[in-house]
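The structure appears below as structure tokens.
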Amino acid sequence: MSERRKQFPFPDFESKWQQLWLERQTFHAPNPYEPGFDPPKPKFYVLDMFPYPSGEGLHVGHLEGYTATDIIARYKWMKGFNVLHPMGWDSFGLPAEQFAIKTGLHPSVATARNIARFKSQLKKIGFSYDWAREVTTTDPGYYKWTQWIFLKLYNSWFDPQKKAARPVDDLISRRRLEFPEESDDERRDFVDRHRLAYVTEAPVNWCADLGTVLANEEVLDGKSEVGGFPVVRRPMRQWMLRITAYADRLLDELEPLDWPESIKILQRNWIGRSVGAQAMFSVCDLNNVITVFTTRPDTLFGATYMVLAPEHPLVDQVTTSEQRAAIEEYRAKMATKSDLERTDLAKEKTGVFTGGFAINPANQEKIPIWIADYVLMSYGTGAIMAVPGHDERDFEFAKKFGLEIRYVVEPPVAVESYFTGEGIAKNSGFLDGLPTPEAKSKIIDWLEKQGSGKRFTTYKLRDWLFSRQRYWGEPFPIVWRNSRHEALCESDLPVVPPPLDDYRPTGTIEPPLSKAKAWIRLSDGATRELNTMPQWAGSCWYFLRFISPNEANRFVDEDAERYWMSGNEAKNRRRGGVDLYVGGTEHAVLHLLYARFWHKVLYDLGYVSTIEPFHRLVNQGMILGQDNQKMSKSRGNVVSPDEIVEEYGADALRLYEMFLGPLESTKPWSMSGVEGVYRFLARVWRLVIDENQEGQWQLSSCLGTVQLSTKQQKVVHSTIKKVSEDLESLSFNTAIAQMMIFVNEFTSAEIRPVEALRTLLILLCPFAPHLVEELWWRLSASFAGFEGMACEQSWPVWRDEFLGEEEVQIVIQINGKLRDKVTVRKDLGKEELEQVALASMKVQEATRGKSVRKIIAIPNKLVNLVVH
RNA sequence: GCCGAGGUGGCGAAAUUGGCAGACGCGCCAGACUUAGGAUCUGGUGGAUAAAUCCUUAGGGGUUCGAGUCCCCUCCUCGGCACCA
């Protein structure tokens, strides 16, 4: 096929226009105070999720979002906006390093090569990126500022009163005032416990095959998200970021964002705010209490036993000597099991009695304390009060081990076994007769008065495990001295990783950086932190660096940040952010949550002007292979953009990416579909260009400057309207369909009015920019109105008076079924419509011998006769 | 199990406030032009039927003059979470 002559000569002109756009800096957006900056112009920041440059290159799935944003960017330029549309590379992190290990190439070499490959692929598609703003997370000039932001996190704490991050210095001086007698070391310990970036020894997700720990978000079903290797829990000393401090703000400030509701729900579920109470149970014969969290404090009188997680610190003390052997056996069994195995056993409840008892604070009854793996150490307090009458899990456990079941809530309709809904309290002393919400509130008040409980909110969200035992990541700007961590000065940034030849995992928990003996030791005896940051670090703020990628003195230029991130509502400029952010759902709880967290910290400390980074978010759907399966190398169904550009051209690729269906939905690729839009582009070409006897392309002889017919006028203006409106709602597929209708209409015209073609070319320009520029340029040789480049024309405006006709077709129904169609004057009144309908021959036939009960007439639409 | 998104011709899909179901494209069929067609142009194309007509938006019920669209139930597909107290 490639031997065949192309239907239009895209190979001759695509690179020509790409070069011209570059040379003339057509899509360079000036910042405030820069030459060419035009203050009255509105701004528009349209952003893609930047890729990590893998060795595989791009496939057509990546390009769907990129094409959509490019069309919007070009459209906004034509609408008179100053458009920020940048691209860069998320080049640190596990995938890049795994690839490097596989191929034996140093990550820096492989990364540079992959970036070059990705960039040339993107350039061939004619995206209007402002390449002067390109950023690379592995560039020292970039990660200097990633490290700088880490220092801000390290040197801040979360003030619960203000619900905001504040410099840790404030905390130190405050502490000094409050506890003047405290030693420096004690004060440091206190401060270190409050930093937003802190070190802790905690059970973490260790993946031996990857040689690193992983964040909760990176572990799926007990396996690593990258590679699918087994992950086990083990205690290790790690860096954490205190994202949990922001849980409420991450939830509440999510509400006003223009994001898909489904993504908001994913984030809400991940944060998992749960409102209830803590209650304290004293342990019999021990001077100790077990604190539990419950969302149903109203069922306290129904708590007939307690369960501790096997790892709970009080298990040892509670266990009696008779039960110790059984408890130890159970705990040992649990310790060897991975999280996956533990949840797999979920079908059948297991557990062991500790021999110990606690006192139910509500009724002073003695209740047994068990341990069971259905109680998780990582949630709530790691201990529960079991209410088998009103909780499914407690019910199953109580049934299995013959524990007492007591019902304390009367359900609205009688149920067997257990009832988890709301009802009326019973068998609950002073709560009896109260509906659930009132009972909850009353028992909490009572607990608080007794000093044995309080209102409490728990979250599923855990602090963010921020260190990795990897080579290819940002080094921490931290050194250790006398087993204490210390921040480096800003002037020491960037901390550049040592040029290791052997950067593979060590096979132990020691990070690869431990191999760089000389790099580790500083002259003053301090040693460097050996962990590196996770992949997500660089992507937490890249959208800010795009604003001023070469700024040397600050992570982002202040004026430029205020300009590009500002909201469009004058009344609330804090409600700003990127105007349109397009990317896949896979980042719903990882990147999008982390980036929001960093942004809020930067906002609190006064470094950025908006509380949220991304005002409007759109998720593009996945593109499946032609076999309806997920595109993957192993299935052999990957479609590369290179072959499409070669065969059909960049414009056909762009157009098909948008024509195959709505942006948000999952849909399969089809090669014959590509041919379809390719044929459409060829029809546009032939609308303007003919082939002469010698086989050369020349302007068509059918072109002319003639008056448009009413019908043509209507097609032109309804196309302007449809394309404009569909672009605003990102309905690219239907916009293209309308342009096809336009072309079908004018293909059959004897003389093709140049004015109409000019409008079509402008509308098509954001979609198929190369073809349009070429035709525009060729037309400019013989016709007026084609000065400059097509992409610099202003967007056309439709006029309603050309949309309508004097006559409209009216549908006549009998009992809701279509019986006839008539053409009448537009806006004909109801009474006249009824007369017209009754006069119809078909209606008279159908209603003969029957009575017309009712007539519904909707002007310009239909008449429905109800007949018996 | 829970939460979310979906289910419309042979295929990808359209369808303001409920108002002609299937726009547009692919595929298929026929014709034209051609030495030729895997190019192009023109016409046709949801299903059943000889036809008038009837049926048709996963399935069932409901509201309505009128339902792809609103309400209730069931089934299926995809995505997320998963003993979260």
Side-chain angles (χ1 to χ4, degrees), chain A residues 1 4-5 7 220-221 260-266 268-270 272-274 276 292-296 299 307 309 342-343 345-347 349 372-376 378-387 390-394 396-397 420 458-461 585-586 588-589 619 621-622 624 628 630 655-656 659-662 664-677 679-680 682-683 686 691 722 725 731 733-741 743-744 747-748 809-821 853-858 860-867:
Chain A
M1 158 113 194
R4 226 170 71 220
R5 181 163 185 197
Q7 287 195 38
L220 302 172
D221 294 333
E261 196 52 34
S262 56
I263 295 293
K264 289 188 184 179
I265 289 169
L266 285 178
R268 277 188 214 120
N269 290 346
W270 190 264
R273 179 159 62 193
S274 180
V292 302
F293 173 76
T294 178
T295 54
R296 291 297 300 271
T299 62
V307 186
R342 251 171 93 154
T343 50
L345 293 172
K347 283 140 203 137
K349 294 267 180 296
D373 70 343
Y374 84 90
V375 174
L376 310 173
S378 55
Y379 184 76
T381 60
I384 61 158
M385 62 178 213
V387 186
H390 303 285
D391 182 278
E392 179 180 3
R393 296 149 300 174
D394 297 345
E396 283 173 12
F397 193 80
T420 59
T458 297
Y459 304 86
K460 263 165 69 179
L461 183 70
T585 335
E586 65 272 20
V589 289
N619 288 121
M622 210 191 324
L624 305 173
N628 248 303
K630 208 176 219 166
L655 208 62
Y656 183 63
F659 189 62
L660 42 40
E664 289 95 333
S665 48
T666 302
K667 56 241 159 213
W669 188 264
S670 147
M671 277 307 176
S672 45
V674 180
E675 292 219 36
V677 295
R679 282 204 285 261
F680 163 69
R683 280 159 69 86
R686 287 195 304 268
E691 199 175 359
K722 181 81 177 140
E725 289 175 349
S731 310
N733 53 334
T734 48
I736 295 166
Q738 180 62 37
M739 289 188 279
M740 288 172 167
I741 293 171
V743 171
N744 291 344
T747 296
S748 51
Q809 205 180 48
I810 293 286
V811 171
I812 301 176
Q813 297 179 337
I814 292 176
N815 294 336
K817 286 192 175 158
L818 179 67
R819 278 296 172 276
D820 201 5
K821 294 176 186 181
R853 289 286 180 87
K854 193 175 173 185
I855 303 177
I856 296 107
I858 314 282
N860 300 329
K861 284 259 163 72
L862 59 74
V863 180
N864 189 16
L865 297 102
V866 186
V867 168

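Residue numbers start from 1 in every chain, and the chains themselves are labelled A, B, ... in the order their sequence lines are given, proteins ahead of strands.
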With heavy atoms under 4.0 Å as the rule, sort [X] into base, sugar-phosphate or nothing.
X	result
Val811(A)	base
Ser670(A)	nothing
Arg853(A)	nothing
Gly676(A)	sugar-phosphate
Ile265(A)	sugar-phosphate
Asp394(A)	nothing
Ser665(A)	nothing
Leu862(A)	base

request  = Could you tell me whether the side chain of Lys821(A) has a donor or acceptor atom within less than 3.5 Å of a complementary atom in the base of rC20(B)?
outcome  = yes

query = Can you find an N or O donor on one side and an acceptor on the other, under 3.5 Å apart, linking the side chain of Lys861(A) with the base of rU17(B)?
reply = yes

Hey, does the side chain of [X] come within less than 4.0 Å of [N]'s phosphate (OP1/OP2), counting only N and O?
X	N	value
Arg679(A)	rC26(B)	yes
Ser262(A)	rG79(B)	no
Asn733(A)	rC24(B)	no
Gln813(A)	rG19(B)	no
Arg686(A)	rC41(B)	yes

Could you tell me how far [M] sits from [N] if I compare only their [atom1] atoms? Round to whole Å.
N	M	atom1	value
rG38(B)	rC28(B)	C1'	15 Å
rU42(B)	rG47(B)	P	24 Å
rU35(B)	rA30(B)	P	22 Å
rA67(B)	rU57(B)	P	11 Å
rA32(B)	rG25(B)	P	23 Å

rG46(B): syn or anti, per glycosidic angle within 90° of 0 = anti

task = Let me know, please, whether Lys667(A) or Val677(A) comes out on the 5' side of the other along RNA chain B by nearest nucleotide.
result = Lys667(A)

request  = Return the 5'-most residue of the pair Arg683(A), Pro662(A) with respect to RNA chain B, ranking by each residue's nearest nucleotide.
outcome  = Pro662(A)

Nearest whole Å is fine: how far is [N] [atom2] from [X] [atom1]?
X	N	atom1	atom2	value
Asn269(A)	rC3(B)	CG	P	10 Å
Phe659(A)	rG25(B)	CZ	C1'	4 Å
Arg268(A)	rG80(B)	CZ	P	19 Å
Ile858(A)	rU64(B)	CD1	P	17 Å

key: N/O donor-acceptor pair under 3.5 Å between Lys667(A) side chain and Met622(A) backbone   = no

request  = May I ask you to decide if the ring planes of Tyr374(A) and Phe397(A) are parallel, tilted or perpendicular, using 30° and 60° as cut-offs?
outcome  = tilted

